[in-house]
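We number each residue from 1, following the sequence as shown. Computed from a prediction, not measured in an experiment: that's the story for all the values here.
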Amino acid sequence: LTFFGSTGQMTAFTVAEHKALMETVGKAKGKLNVLVTASTANVPDTIELCKHAADHGADGVIVSPPYYVKGISNEGMLRYYTMVLDGLPKNLPFYLYHVPRWTMAPIPVEVVKQLRRYGNIAGLKDSTTDAKGYTNFVTNFPDLSIITGTYENLEIALTHGMGGIIQEAGPYCRDLADLFAVAHSGKDIHPAYAALQAKIAKLYGAKDGLDQYAIMQYAMTAEMGKAVSYTRPPFVDLSDARKAEIEKTLREQQIKLGQL
């Protein structure tokens, strides 16, 4: 289980809200492995959220580079991550978060290499659609968990024994689980991957990337029986026509609504 990533609109929630949700998840997690994104634009709040997560059941934290300041140097990024890591328990699994579309601060391979001196660097989440860039991380760090955050790179990830946190596939958890089962069996994953990709493309349609979170939220809650979306500014809610289209698409794909 992972939460408070880009899909979870992490920047739209207060530190207190981050903590409250982490405490709720920690109490209910059972045997689930929980990764929480604990990213802010400053070192003290990031350390505070990471420590709090560790104290309340998180099995690891995902941390992006500091956002707002664009074009930061490798030295500046290293300084940020070094200060954060020095302030955390040495046994807390730490995942770097490469999501340059939103942070405008891509994580270079060289920065990852230098951060490997910290023994708790467990992996990196790459939420881009850049197949070449994702493959470059996998090639350079085969011993780390290089997680894809987009379905476009999921086939590459599974082929290389890596995993994925796929927000677009939220309404298709069963299909996604079946795809992972095929990958673990050693069989050809392309047919199952292509089928899932077609479903996702049909649901989202031509997207500018700003409404996809509301689409995913609405589709998943429709499955649960109470169709709503929880967009916070600067995102906007979907129109009634778009919501009706989402429900129609899910029914055509034989997704049972209100059954979870």
Side-chain angles (χ1 to χ4, degrees), residues 1-6 8 10-11 15 18-19 22 25-26 29 32-128 130 133-150 153 157 160-165:
L1 174 67
T2 181
F3 61 99
F4 273 140
S6 300
M10 61 183 184
T11 59
V15 168
H18 276 257
K19 289 182 175 180
M22 181 65 244
V25 172
K29 62 173 283 190
L32 285 176
N33 184 276
V34 171
L35 299 179
V36 58
T37 303
S39 297
T40 75
N42 67 83
V43 171
D45 282 347
T46 299
I47 291 175
E48 182 179 345
L49 285 177
C50 288
K51 283 184 173 180
H52 179 271
D55 290 341
H56 290 84
D59 298 290
V61 292
I62 305 173
V63 178
S64 74
Y67 37 87
Y68 184 76
V69 178
K70 314 309 177 190
I72 60 177
S73 64
N74 285 12
E75 181 182 4
M77 190 176 295
L78 276 169
R79 185 178 182 221
Y80 177 82
Y81 274 124
T82 296
M83 291 176 70
V84 171
L85 283 158
D86 284 345
L88 298 180
K90 304 308 177 188
N91 62 344
L92 176 63
F94 191 96
Y95 294 78
L96 305 169
Y97 192 8
H98 178 65
V99 57
R101 177 176 185 180
W102 300 122
T103 64
M104 299 299 289
I107 301 176
V109 165
E110 288 305 315
V111 168
V112 182
K113 287 181 178 179
Q114 293 191 56
L115 290 173
R116 292 297 305 276
R117 67 179 182 270
Y118 290 92
N120 58 326
I121 297 294
L124 177 145
K125 180 185 176 186
D126 181 335
S127 288
T128 73
D130 178 8
Y134 178 75
T135 302
N136 193 32
F137 281 128
V138 171
T139 301
N140 277 278
F141 309 108
D143 57 325
L144 293 181
S145 176
I146 308 298
I147 304 165
T148 179
T150 61
N153 285 333
H160 288 84
M162 301 296 179
I165 299 171

Shortest non-hydrogen contact between Ala105 and Pro66, atoms and distance: CB-O, 4.4 Å
Pairwise distance CD1(Ile72) to OG1(Thr103) - rounded to 0.5 angstrom: 7.5 Å
Close side-chain approach of Lys113 and Asn140, heavy atoms under 4.5 Å: yes
Might you point out which heavy atoms bring Tyr80 and Ser64 nearest each other, and give the distance in Å? CE2-O, 3.7 Å
Could you tell me the separation between the CD1 atom of Ile165 and the OH atom of Tyr95, rounded to the nearest 0.5 Å? 8.5 Å
Considering only heavy atoms from C-beta outward, does the side chain of Arg101 approach that of Ser6 to under 4.5 Å? no
Main-chain N/O of Val111 paired with Asn74 side-chain donor or acceptor, under 3.5 Å: no
Are Ser39 and Tyr67 close enough that a side-chain donor and a side-chain acceptor fall under 3.5 Å? no
Excluding sequence neighbours, so at least two apart, what forms side-chain contact (heavy atoms from CB on, under 4.5 Å) with Thr135? Thr139, Ile156
With a 3.5 Å distance limit and no angle check, can you tell me whether Thr150 reaches the backbone of Ser127 through a side-chain donor-acceptor pair? no
Quick check for you: to the nearest 0.5 Å, what is the distance between Met77 atom CE and Ile107 atom CD1? 6.0 Å
Would you name the heavy atoms of Leu88 and Val84 that are closest together and state the gap between them? CG-O, 3.2 Å
Whether the side chain of His56 engages the backbone of Gly26 through a donor-acceptor N/O pair (distance < 3.5 Å, no angle test) should be reported. no
Using 30° and 60° as the class boundaries, would you call the ring planes of Tyr81 and Phe94 parallel, tilted or perpendicular? perpendicular
For residues 77-86, pull every pair meeting salt bridge (charged side-chain N to carboxylate O under 4.0 Å, His left out), keeping only residues two or more places apart or in separate chains. none
Might you point out which heavy atoms bring Met22 and Gly57 nearest each other, and give the distance in Å? CE-C, 4.2 Å
Just wondering, do Tyr134 and Asp130 contact through their side chains at under 4.5 Å, heavy atoms? no
For atom NZ of Lys51, decide whether the heavy atoms of other residues, nucleotides or ligands shown that lie under 6.0 angstrom number more than 12. no
pair Leu144-Leu124: side-chain heavy atoms closer than 4.5 Å: no
Using atom types as modelled and distance alone, determine if a side-chain donor or acceptor of Thr2 lies under 3.5 Å from a backbone N or O of Leu35. yes
Would you call Val109 and Phe141 a side-chain contact if the rule is heavy atoms closer than 4.5 Å? yes
Would you say that Met162 contacts Asp126 through its side chain, given a criterion of any heavy-atom pair below 4.5 Å between the two side chains? no
Asp59 side chain vs Val34 backbone, donor-acceptor pair below 3.5 Å: yes
Which heavy atom of Asn42 sits nearest a heavy atom of Asp45, and at what distance? OD1-N, 2.8 Å
CD1 on Ile121 to CG on Leu115, rounded to 0.5 Å: 5.5 Å
Scanning both residues in full, the closest heavy-atom pair of Lys90 with Leu85 reads NZ-O, 3.4 Å
pair Ile62-Phe4: side-chain heavy atoms closer than 4.5 Å: no
